[in-house]
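Values reported hereafter were calculated over all heavy atoms of this structure, with side chains retained and with hydrogens, waters and symmetry mates removed. Residue numbering restarts at 1 for every chain, and letters A, B, ... go by the order of the sequence lines.
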Amino acid sequence: MRLWQRSRFKATLWLSRNEAQTQKDRPLPLAKPNGSLIFENARAQVSFQPPDDSLSSGHNFMKPRVRFAPSPTGYLHIGGARTALFNWLYARHAGGTFVLRIEDTDAARNSQEAVDVILSGLRWLGLDWDEGPLTGDATGPSKGSFGPYFQSQRKDNYQRRVEGLLSRGLAYEHEGAIKFKMQREPVTIPDLVIGDVIRKLTDREEIDPDFVIQRSDGQPVFHLVNVIDDLEMNITHVIRGEDHLSNTAKHIALFKAFGVAPPHYAHIPLILNGDGSKMSKRDQGASLTGYLDQGFLPEAVVNFLCLLGWSPKENREKLTLAETIERFDLPQILRHNARFDYEKLLWLQGEYARELADDRFYELAVHSFARSGVDTNVFPLGYVKAALDTCKGKFKTFSELPGYAGFYFTEKIEYDAEAAKKDFVPENHPRLEKLRDAFAHAPAFSAESLEVALKETAKALGVKVGVMVHPCRLAVTGKTSGPSLYHLLQVLGKERVMARIEKALASF
RNA sequence: GACCCUAUGGUCUAGCGGUUAGGACACCUCCCUUUCACGGAGGUAGCCCGGGUUCGAUUCCCGGUAGGGUCGCCA
């Protein structure tokens with residue numbers, strides 16, 4: 001079973017690469033269990049003439065055209081982001097075109113701001129689109145020759161198509177709405193990921209298989225506009241979430257009704273919550289914006305998303321974008337849903353954060369402090385950079401940074417309560433005094449000589465190094481962990497360090 | 001309720017009839033170390049169940065179970 005399905009994948013893909021557009025006018029390739037190809041005339045079940053030239057493009061494209069068609073709901077779902085990523089990867093891999101189309105048919109919940117969330121999210125991830133809107137304004141500028149790229153601006157097309165359907169008896173009015181005459185026979189959905197899916201009618205559909213394509217208020221419905229836009233934008237591959245799989249039967253029927261062979265379909269598995277439940281809007285981690293806000297790096301998010309439902313093989317986990325584009329292809333996409341593993345994302349984030357180029361690291365770090373209300377610009381640039389250098393590679397997300405290194409930029413040191421109880425004890429008081437004196441007389445206030453000073457003090461007192469280290473760290477940073485102690489002392493400088501030690505000594 | 005998809009450690013996955021079932025994250029132990037992190041060494045843990053097919057099934061087929069999706073004048 002699997003074998004013949006896979007052989008069909010190859011045949012279909014080959015077709016997609018080389019004859020992506022000419023297939024529009026050709027029969028649909030299907031496979032038989034013996035692996036040979038058969039052809040089924042896509043128009044076999046329709047008895048009308050295909051649309052005139054004004055509705056069907058005469059262009060002959062060799063490269064795939066894919067699209068991401070989100071609805072502006074005010075946020076970009078992480079699953080949607082991955083769908084966009086897979087589309088983008090396939091386009092880049094195959095040298096095709098990535099189209100961004102905004103499905104804003106539901107006027108009530110659309111706004112320019114909601115579109116901007118999508119645009120900025122995709123831009124953040126680095127998923128540039130070859131065609132689509134340039135701004136969130138539905139009537140604003142766009143690039144590409146298949147526009148408009150907002151469905152709200154394409155009403156005439158839908159109206160014309162509906163009238164065509166009506167005149168050919170393929171749709172009818174019902175209580176003010178327009179319904180499409182859906183076939184009752186099972187629909188075969190050729191899918192590049194899953195294989196041939198034979199979709200039968202459900203019990204409710206048995207009663208009435210027809211579905212509304214235009215509401216009684218005149219607004220076209222998703223299934224209709226989605227198909228018309230894909231058709232008119234010459235989309236060759238529809239790569240979308242598996243939640244659309246069952247509905248694809250309707251779309252294929254619609255394509256047939258318009259006299260055109262449907263595009264290739266690739267339904268990708270969904271992303272579930274860590275506990276296996278469906279990831280909905282309200283779930284933690286569902287919104288892409290959240291990752292930006294938490295200080296994740298887009299390259300980490302992209303890398304992680306790639307690993308959900310697709311594998312680069314060869315035991316690779318961390319990949320550059322170029323490597324991913326090179327390796328990515330539709331047949332290797334997994335068929336089962338994946339759970340979102342936050343820990344693994346965090347690991348990748350740490351990997352990328354450690355390797356950040358200095359300038360970008362400083363920029364992101366300064367930004368994270370600004371977000372937490374700390375203006376690092378009031379400190380000398382050299383001081384800020386030196387401080388940040390001691391933190392690189394020691395934390396994962398940038399939202400951790402203000403908590404990790406905030407002591408560099410404030411004199412209000414709050415001691416960790418538990419640590420103070422343990423380290424600010426009477427016997428440590430004279431030890432800290434000795435350390436203060438040793439620091440005061442160190443030949444230089446550098447990490448090297450401070451380390452020598454501290455170790456010699458410990459030796460003189462007959463205690464382990466740690467006995468000196470912990471109270472000292474607590475005194476100058478208020479925390480039990482952080483950057484290298486000697487280095488942070490050097491960066492803070494003698495004045496700050498001495499003052500903080502005095503203050504600590506006065507507190508116990 | 002019906003229809004569709006799926007099923008390898010806790011998680012992401014490699015595997016495409018014969019393997020000591022591989023890697024990564026997480027977890028545990030140890031080493032390194034001023035803390036944390038990194039790095040190094042090692043460890044616990046897996047083929048959902050039941051039938052077939054086969055000399056031989058994680059792998060192929062059927063059934064069950066479980067999870068997910070769909071059946072809207074939402075997208």
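Heavy-atom distances to RNA chain B give each of Ala69(A) and Gln332(A) a nearest nucleotide, and the one nearer the 5′ end belongs to Gln332(A). Both His470(A) and Gly274(A) lie close to RNA chain B; mapped to their nearest nucleotides by heavy-atom distance, the more 5′-ward contact belongs to Gly274(A).
Here the separation of U54(B) from C62(B), taken at their C1' atoms, is 16 Å to the nearest Å. Between the P atoms of G23(B) and G9(B), the separation comes to 16 Å (whole Å). Taking atom C1' in both A75(B) and A37(B), one finds a spacing of 44 Å when rounded to whole Å. A26(B) and C38(B) have their P atoms separated by 7 Å, given to the nearest Å. C55(B) and G50(B): their P atoms are spaced 22 Å apart (whole Å). Nucleotides G10(B) and U33(B) have their P atoms positioned 36 Å apart, rounded to a whole Å. A gap of 11 Å separates the C1' atoms of A45(B) and C28(B), to the nearest Å. Taking atom C1' in both C71(B) and G63(B), the straight-line distance is 25 Å, to the nearest Å.
Between Lys313(A) and G15(B) there is a side-chain N or O to OP1 or OP2 distance below 4.0 Å. Taking only side-chain nitrogens and oxygens, Lys455(A) comes nearer than 4.0 Å to OP1 or OP2 of U34(B). Considering only side-chain N and O atoms, Lys479(A) lies nowhere under 4.0 angstrom from the phosphate OP1 or OP2 of C36(B). OP1 or OP2 of C74(B) has at least one side-chain nitrogen or oxygen of Arg215(A) nearer than 4.0 Å. Taking 4.0 angstrom as the limit, His336(A) places a side-chain polar atom (N or O) nearer than this to OP1 or OP2 of U13(B). Of the side-chain N and O atoms in Thr105(A), one or more sit less than 4.0 angstrom from OP1 or OP2 of A75(B).
Counting atom types as modelled, Glu314(A) pairs no side-chain N or O with a base atom of G23(B) as donor and acceptor under 3.5 Å. Looking at Ser216(A), its side chain comes within 3.5 Å of the base of C73(B) through a donor and an acceptor atom. Counting distance only, with no hydrogens placed and no angle test, the side-chain atoms of Asp341(A) and the base atoms of A24(B) include no donor-acceptor pair under 3.5 Å. Remark: the Lys464(A) side chain and the U34(B) base include no donor-acceptor N/O pair separated by less than 3.5 Å. Counting atom types as modelled, Arg339(A) pairs no side-chain N or O with a base atom of U11(B) as donor and acceptor under 3.5 Å. Residue-to-nucleotide contacts include a donor-acceptor pair under 3.5 Å from the side chain of Ser484(A) to the base of U34(B). Judged by distance alone with a 3.5 Å cut-off, no donor-acceptor contact links the side chain of Lys200(A) to the base of C3(B).
Atom P of nucleotide C74(B) and atom CD of Gln214(A) are separated by 13 Å, given to the nearest angstrom. If you take CD of Glu205(A) and P of A2(B), they are 14 Å apart, rounded to a whole angstrom. One atom, CG of Asn337(A), and another, P of U11(B), lie 13 Å apart when rounded to the nearest Å. If you take CG of Leu346(A) and P of C27(B), they are 10 Å apart, rounded to a whole angstrom. In this structure, NZ of Lys250(A) is placed 17 Å from P of G69(B), rounded to the nearest angstrom. Here the C1' atom of nucleotide U35(B) and the CG atom of Asp423(A) are 11 Å apart, to the nearest Å. Going from atom CG of Asp203(A) over to atom P of U70(B) covers 16 Å, rounded to whole Å. Glu400(A) has its CD atom 14 Å from the C1' atom of C38(B), to the nearest Å.
Gly241(A) comes within 4.0 angstrom of nothing in the nucleic acid, heavy atoms only. Residue contacts for Arg204(A): at a heavy-atom cut-off of 4.0 Å it reaches a base atom on one of the strands shown. His244(A) comes within 4.0 angstrom of a base, heavy atoms only. Among the atoms of the strands shown, only primed sugar atoms or phosphate atoms (P, OP1, OP2) are found under 4.0 Å from some heavy atom of Leu334(A). Contacts of Tyr404(A) with the nucleic acid, taken as non-hydrogen atoms under 4.0 Å apart, include base atoms. Using a 4.0 Å heavy-atom cutoff across all strands shown, Ala338(A) reaches sugar-phosphate atoms only and no base atom. Residue contacts for Gly482(A): at a heavy-atom cut-off of 4.0 Å it reaches a base atom on one of the strands shown. Within the 4.0 angstrom heavy-atom criterion, no nucleotide atom of any strand lies near Arg316(A). Counting non-hydrogen atoms under 4.0 angstrom, Phe340(A) reaches nothing in the nucleic acid. Counting non-hydrogen atoms under 4.0 angstrom, Asp243(A) reaches the backbone sugars and phosphates but no base. Counting non-hydrogen atoms under 4.0 angstrom, Ile178(A) reaches nothing in the nucleic acid. Pro269(A) comes within 4.0 angstrom of no nucleic acid atom, judged by non-hydrogen atoms across all strands. Residue Glu317(A) is in base contact, counting any heavy-atom pair closer than 4.0 Å across all strands shown. Counting any heavy atom pair closer than 4.0 Å across all strands shown, Leu308(A) reaches sugar-phosphate atoms only and no base atom.
At a cut-off of 3.5 Å, with distance as the only test, no side-chain donor of Arg240(A) or Asn247(A) sits close to an acceptor on the other residue. Asp104(A) and Ser152(A) are linked by a side-chain donor-acceptor pair at a separation below 3.5 angstrom, with hydrogens and angles left out of the test. A side-chain donor from one of Asp389(A) and Tyr362(A) sits under 3.5 Å from a side-chain acceptor of the other. When only modelled atom types and interatomic distance are considered, Asp229(A) and Tyr158(A) share a side-chain donor-acceptor pair under 3.5 Å.
By the 30° and 60° cut-offs, the orientation of the rings of Phe409(A) relative to Phe369(A) is perpendicular.
For the pair Lys250(A) and Phe211(A), the cation-pi test (distance below 6.0 Å, angle within 45°) is passed. Because its NZ or CZ atom is not both nearer than 6.0 Å to the ring centre of Phe361(A) and within 45° of the ring axis, Lys385(A) does not count as a cation-pi partner of that residue.
The minimum heavy-atom distance linking Phe328(A) with Ile333(A) is given by the pair CZ-CD1, 4.1 Å.
Nucleotide U54(B) forms a pair with no other nucleotide shown, judged by Watson-Crick or G-U wobble geometry with both contacts under 3.5 Å.
Under the ring-ring contact (aromatic ring centres under 6.0 Å, His included) test applied with His237(A), the options Phe68(A), Phe86(A), Tyr90(A) reduce to a single match, Tyr90(A). Evaluated for a salt bridge (charged side-chain N to carboxylate O under 4.0 Å, His left out) with Lys318(A), the options Glu323(A), Glu299(A), Glu355(A) yield exactly one hit, Glu355(A).
Relative to the side chain of Leu245(A), the nucleotides U34(B), C4(B), C71(B) differ in distance, and C4(B) lies closest. Here U34(B) is the nucleotide among A26(B), A75(B), U34(B) with the atom lying nearest to any side-chain atom of Glu451(A).
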